[in-house]
Every structure is written in C-alpha cells, then in structure tokens.
Amino acid sequence: LLECLNGQDLDGIRDLFSDRVEWFVPGSSELPWAGQRKLGSQASDFFAVMWPYYVEGKSSASVNDVLADGENVMIVGTFSHVIKRNNKSFTTPVALHLKVHDGKITHLQLYEDTLLNSQAFDFSAGAPAVRPGDVPKSLQSGP
C-alpha cells in the first residue's frame, strides 16, 4: 500500500482492497474525500479525488512505525502537504489502521488532526462528513 501511495498507482491501490470494505475517514464535509466507503473499488477514487487538492510533488509521508498483529496493521507517522488553492503547508500526525484478510485490505480507518486539516484549507468549522451512525461497527462501543 505504501509503495502504491508513493507512486500514486491507482490501479495498484484498487487491487489491494477486498470487494467489500469498512472504510472510515473522518473530516469536514467540505473535504470531498472524507467519509465512509463500503466498496474496495472506491479506494482508488478516494485518492484520485484527494490528490489534485495538493500541490504536485509537495506532499510527503513519514512512517515512524508499522505494527502488525494477526489481521491488524497499524501505520503511524505524519503526512505533509501544500494546498493548491492557498499555498498553505501543514503536517499532521496520522495513524492508519488496516485489516487484511486473504491478502486483501478489508478495513481502513484513518486517524489524523481533522481540525488542522480544515484550518489549513481555510474552511469554517464545517459539518462533519459523517454522522454518528456512520462510524463502522468495529469502532462503536457497546453490545
């Protein structure tokens, strides 16, 4: 996945995901890539929509740790970007939780500073892109 992201390989990204996924990227509703997805084919769409918002060649990722336990993988690091429309740069700490089953990614949950993202894009507070009921079952508490 990291190699495909670095090379902006949309076909490679699409091939890594299961047909059905539990995908959750919180954030402002003003960010068209934030929200929930349920189909692996939507994984490459996420990046195809997001990448043009950033200045080409001015984004980077730093990976501090990759932790694996059975089907669970956690990638911890930072993302840095320069926004195309206002030339603002920002760096956010991130954690990416993946679940892999039979060699395909079935779950993706991104944790990042969503307020910092919104502020960098000069958005007002903005409504969340997801409602409480959109949170994947694996992240909900209770029975």
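What you see is a predicted model; the values in this text were computed from it and never measured. Positions are given from 1, in the same order as the sequence printed here.
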Aromatic ring pairing His81/Phe90, orientation class (parallel under 30°, perpendicular over 60°, tilted between): tilted
Is the count of non-hydrogen atoms from other residues, nucleotides or ligands lying under 6.0 Å from Lys88 atom NZ greater than 12? yes
Quick check for you: to the nearest 0.5 Å, what is the distance between Leu39 atom CG and Asp45 atom CG? 9.5 Å
Let me see the working for Glu112 and Asn117 under side-chain contact (heavy atoms from CB on, under 4.5 Å), right down to the final yes or no. CA-CA 8 Å; Glu112 65 179 339; Asn117 250 346; 3.1 Å; yes
About how many Å separate NZ of Lys99 and CD of Glu22, when rounded to the nearest 0.5 Å? 6.5 Å
If Ile, Leu, Val, Met, Phe, Trp and Tyr residues are connected whenever their side-chain heavy atoms lie under 4.5 Å apart, and connections chain through other members, are Leu116 and Met50 in the same group? yes
As an exercise, state the distance from OG of Ser41 to CD1 of Ile13, rounded to the nearest 0.5 Å. 13.5 Å
Please confirm whether the ring centroid of Phe17 lies under 6.0 Å from the ring centroid of Trp23. yes
As a quick check of understanding, evaluate side-chain contact (heavy atoms from CB on, under 4.5 Å) for Glu56 and Lys58, giving each step before the final call. CA-CA 6 Å; Glu56 189 173 342; Lys58 298 283 184 169; over 6 Å; no
Is the NZ atom of Lys38 crowded by more than 12 outside heavy atoms at less than 6.0 Å? no
Yes or no on ring-ring contact (aromatic ring centres under 6.0 Å, His included) for Phe47 and Trp33, after CA distance, side-chain angles and deciding distance? CA-CA 8 Å; Phe47 295 103; Trp33 57 85; over 10 Å; no
Do Phe79 and Val66 land in one hydrophobic cluster if side-chain heavy atoms of ILVMFWY residues count as linked below 4.5 Å? yes
Looking at Thr92 and Asp113, would you say the former's side chain and the latter's main chain have a donor-acceptor pair under 3.5 Å? yes
Is the shortest distance from a Lys or Arg side-chain nitrogen in Lys104 or Asp15 to a carboxylate oxygen in the other one below 4.0 Å? no
Checking side chain to side chain contact (heavy atoms under 4.5 Å, CB included) against Val25, which of Leu110, Leu31, Thr114 comes through? Leu110
Answer yes or no: does atom CG of Asn86 have more than 12 heavy-atom neighbours from other residues, nucleotides or ligands under 6.0 Å? yes
Side-chain touch His97/Asn72, heavy atoms, less than 4.5 angstrom: yes
Donor-acceptor check, side chain of Gln8 to backbone of Cys4, threshold 3.5 angstrom: yes or no? no
Say whether Val63 and Val73 are linked into one hydrophobic cluster, either directly or through other cluster members, by side-chain heavy-atom distances under 4.5 angstrom. yes
Taking C-beta and beyond as the side chain, do Tyr53 and Lys84 meet within less than 4.5 Å on heavy atoms? no
Nearest 0.5 Å please: distance from the OG atom of Ser80 over to the OH atom of Tyr54. 11.0 Å
Answer with yes or no whether the hydrophobic clustering places Leu96 together with Trp51; edges join I, L, V, M, F, W, Y residues whose side-chain heavy atoms lie under 4.5 Å apart. yes
Are any of the side-chain heavy atoms of Ile105 and Val21 separated by less than 4.5 Å? no
With a 4.5 Å limit on heavy-atom distance, are the side chains of Ile75 and Leu2 in contact? yes
Would a 4.5 Å heavy-atom cut-off, applied to side chains only, mark Ile83 and Val55 as touching? no
Do Val94 and Leu1 belong to the same hydrophobic cluster, where Ile, Leu, Val, Met, Phe, Trp and Tyr are linked whenever their side-chain heavy atoms lie under 4.5 Å apart, directly or via other members? yes
Tell me if a side-chain donor or acceptor on Asp9 pairs with a main-chain N or O of Gly12 at a distance below 3.5 Å. yes
